[in-house]
Number of protein chains: 2
Amino acid sequence: MNGSNHVGFNQADGSEEECPDSHEVACAQCKLHGFLKFFEESDLIALNIFLSRRIPVAKGAILFDALASFRGIYAVKSGSFKSFSQLDPSGEQIQGFFLPGELIGLDSIHSSHYGYSAVAMETSSVCWLPFEHLDDLGERKSFFQEQVIRILVDQVRHDHHQTLLVGRRTAEERLGAFLLNLSERYGRHGFNGEAFRLPMLQNDIANYLGLSMETVCRLLRGFREQGVLSIQGKRLRILNPDCLRSIAHLC
Amino acid sequence: MNGSNHVGFNQADGSEEECPDSHEVACAQCKLHGFLKFFEESDLIALNIFLSRRIPVAKGAILFDALASFRGIYAVKSGSFKSFSQLDPSGEQIQGFFLPGELIGLDSIHSSHYGYSAVAMETSSVCWLPFEHLDDLGERKSFFQEQVIRILVDQVRHDHHQTLLVGRRTAEERLGAFLLNLSERYGRHGFNGEAFRLPMLQNDIANYLGLSMETVCRLLRGFREQGVLSIQGKRLRILNPDCLRSIAHLC
DNA sequence: CGTATTGTTGACGCGGCTCAAATGGAGTGG
DNA sequence: CCACTCCATTTGAGCCGCGTCAACAATACG
């Protein structure tokens with residue numbers, strides 16, 4: 001767990017501060033780190049040539065377009081993103097949210113285009129791992145693919161759960177499970193899972209969960225009145241996680 | 001597209017008839033075939049040592065249990081399966097249906113357990129590809145993994161679509177899209193996409209789509225009365241695909 | 001400070017769930 | 001072949017969750 005046997009990331013740039021921005025995910029907590037940690041040092045040096053670190057992305061800026069040709073995966077370093085498809089002319093359908101430490105675009109591997117768009121919901125920064133030189137890894141490519149498979153499997157699991165959630169649960173259960181999911185993800189990447197920012201609009205939450213904005217708003221008020229959580233602006237605090245779990249029927 | 005450059009499958013057993021059962025998928029149309037077709041002949045001979053072909057599975061029999069340890073993937077040769085998780089004590093949640101030519105269990109790769117159960121909805125047969133000797137493939141393992149990734153990506157795409165479908169569409173749109181999806185899948189694997197069996201119970205369809213059985217029943221009657229399709233027993237015939245597409249809002 | 005965007009609240013209607021009961025069909029044993 | 005059972009399907013009645021519409025408040029932003 002000591003990161004000293006790995007090249008790159010924060011340590012690569014000696015002049016870099018330890019923690020320049022408290023809202024930034026630590027490299028050791030980033031999924032990109034887990035992605036690469038099976039490589040030997042020599043490979044990592046090669047990979048680091050291609051790894052672009054901390055690209056700033058302005059709020060509302062498009063990370064990639066649905067029609068953009070696949071050029072690698074991104075890791076959210078700070079800020080947050082949403083992905084959506086435009087299939088329906090009536091508006092966008094939000095596919096997912098991406099918090100610091102999470103990867104975007106992996107499911108477009110082996111496709112010519114990304115197939116969906118990703119935009120920053122706030123001022124953000126990403127690391128970018130281009131995939132074009134992957135074949136240079138030679139025999140080690142298999143390790144790399146194993147990580148890809150591992151993460152894709154995770155996503156399949158999550159999507160199954162999401163389908164179940166959106167299809168068969170009440171609005172209250174969906175929103176509760178959604179908040180718990182956010183909490184768990186923040187916690188996993190080294191943030192406080194009990195108190196965090198809700199970077200997305202209520203409109204986006206509603207869209208994602210297949211609900212109306214008004215229902216989301218009313219439910220949040222209900223949760224507040226039950227003392228389950230508190231909201232001020234975009235800051236959320238979960239006061240009673242057990243109660244929230246029982247609401248979401250995830251005991 | 002001539003299958004003669006590949007070893008194994010039907011051709012391997014010289015005494016085997018061409019088409020002993022018209023309800024059986026042709027090997028050239030099976031996803032397992034696509035899965036293996038990138039291998040050289042020598043590798044395929046090795047793989048075929050492990051490939052168990054045409055294992056019969058009785059109606060209602062469990063192919064694998066949620067707690068069974070992962071032992072490889074199955075290809076449906078004839079019949080059909082449903083997969084489901086038992087998370088909810090109130091009953092099963094159906095995750096998917098598997099028709100002849102389709103693969104079951106791939107998303108459990110790199111897990112200790114399957115994580116969900118699969119049972120035969122009718123008298124069926126499968127081919128089984130154990131994964132335990134995959135490392136024997138050596139450098140060619142990478143090709144294999146590439147296929148795994150390709151199929152997992154397909155599944156992620158499908159699951160996203162499913163989430164969207166189940167979350168934001170009316171009951172009519174969901175059922176229409178479901179039937180069209182079945183039609184497309186039967187067609188893709190060499191069957192008649194306009195007239196096929198509905199192997200699952202209406203109860204299962206309802207569960208899968210997040211609807212009640214009664215709603216599914218009423219909607220099917222509506223489709224029949226509109227002349228969109230005809231049903232006798234479990235046999236379904238799509239009389240007006242364009243109308244069904246417009247109902248499903250997939251033009 | 002003004003404008004645009006997001007969030008809040010109420011009234012109302014309907015899609016689809018629930019409950020309940022009847023009908024049909026497949027399998028089984030006599 | 002029939003009688004019986006079990007399960008699936010069908011149909012109806014009633015109700016409620018949540019979407020829609022509309023008006024207004026609050027917040028963000030230039």
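So that the names make sense, note that chain A is the first sequence line, chain B the second, and so on, each numbered from 1. All of these numbers come straight from a predicted model, not from anything done at the bench.
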Check: Contacts to DNA chain C from residues 212-223 of chain B, heavy-atom cutoff under 4.0 Å, which residues?
Finding: B/Ser212, B/Glu214, B/Thr215, B/Arg218
Next item on the list: Show your working on side-chain hydrogen bond (donor to acceptor under 3.5 Å, both in side chains) between A/Ser108 and A/Ser111 and close with a plain yes or no.
Entry: CA-CA 5 Å; A/Ser108 298; A/Ser111 302; 5.5 Å; no
Next item on the list: Ignoring hydrogens and angles, tell me if any N or O in the side chain of B/Lys59 forms a donor-acceptor pair with the backbone of B/Ala120 under 3.5 Å.
Entry: no
Note to self: So if I apply the side chain to side chain donor-acceptor pair (under 3.5 Å) rule between B/His249 and each of B/Glu172, B/Arg169, B/Glu173, which one comes out positive?
What the structure shows: B/Glu173
Next item on the list: Locate the shortest heavy-atom distance separating A/Val119 from A/Gly60; write the atom from each residue and the value.
Entry: CB-O, 4.4 Å
Taking N or O atoms only and anything under 3.5 Å, show me the protein contacts with nucleotides 1-4 of chain C, one pair per line.
none

Notebook entry, point to check: ring pair (Phe, Tyr, Trp, His ring centres under 6.0 Å) with B/Phe70: which residues, sequence neighbours excluded?
Noted result: B/Tyr114, B/Phe131
Margin query: Taking side chain to side chain donor-acceptor pair (under 3.5 Å) as the definition, give me every residue that meets it alongside A/Ser183, ordered by chain and number, with sequence neighbours left out.
Written below: none
Checklist line | With A/Arg221 via salt bridge (Lys or Arg N to Asp or Glu O under 4.0 Å) - residues at least two apart | finding: A/Glu225
Checklist line | Residues in salt bridge (Lys or Arg N to Asp or Glu O under 4.0 Å) contact with B/Glu184, at least two apart in sequence or another chain | finding: B/Arg188
Margin query: Suppose we screen for ring pair (Phe, Tyr, Trp, His ring centres under 6.0 Å). Which residues come up paired with A/Tyr116, at least two apart in sequence or across chains?
Written below: A/Phe64
Check: Which pairs with one or both residues in residues 64-73 of chain A pass side chain to side chain donor-acceptor pair (under 3.5 Å), sequence neighbours excluded?
Finding: A/Arg71-A/Tyr74
Check: Which of residues 225-240 of chain B have a heavy atom under 4.0 Å from DNA chain C?
Finding: none
Item checked: B/Thr163-A/Thr163 side chain donor-acceptor pair, cut-off 3.5 Å -> yes
Note to self: Below 4.0 Å from chain B heavy atoms, what is the first contacting nucleotide of DNA chain D and what is the last?
What the structure shows: D/dA8 to D/dA13
Notebook entry, point to check: In residues 194-204 of chain A, which ones come under 4.0 Å of DNA chain C, going by heavy atoms?
Noted result: A/Leu201, A/Gln202, A/Asn203
Check: Has the side chain of A/Gln29 got a donor or acceptor atom that lies under 3.5 Å from a matching backbone atom of A/Ala26?
Finding: no
Check: With a 3.5 Å cut-off and no angle check, do the side chains of B/Glu122 and B/Ser80 form a donor-acceptor pair?
Finding: yes
Check: Quantified as the angle between the terminal helix axes (five pairs each), what is the overall bend of the helix from C/dC1-D/dG30 to C/dG30-D/dC1 to 10 degrees?
Finding: 50°
Check: C/dG16 P sits how many Å from B/Arg168 CZ, rounded?
Finding: 14 Å
Next item on the list: Ignoring hydrogens and angles, tell me if any N or O in the side chain of B/Arg174 forms a donor-acceptor pair with the backbone of B/Leu209 under 3.5 Å.
Entry: yes
Check: Any donor-acceptor pair under 3.5 Å linking the side chain of B/Asp159 with the backbone of A/Asp159?
Finding: no
Next item on the list: For residues B/Tyr186 and B/Asn192, report the shortest heavy-atom separation together with the two atoms involved.
Entry: CB-O, 4.2 Å
Check: Taking all non-hydrogen atoms of both residues, which atom of B/Asp204 and which atom of B/Glu92 are closest, and how far apart?
Finding: OD1-OE2, 4.2 Å
Check: With nearest nucleotides of DNA chain C determined for B/Lys59 and B/Arg174 from heavy-atom distances, which residue corresponds to the more 5′ nucleotide?
Finding: B/Arg174
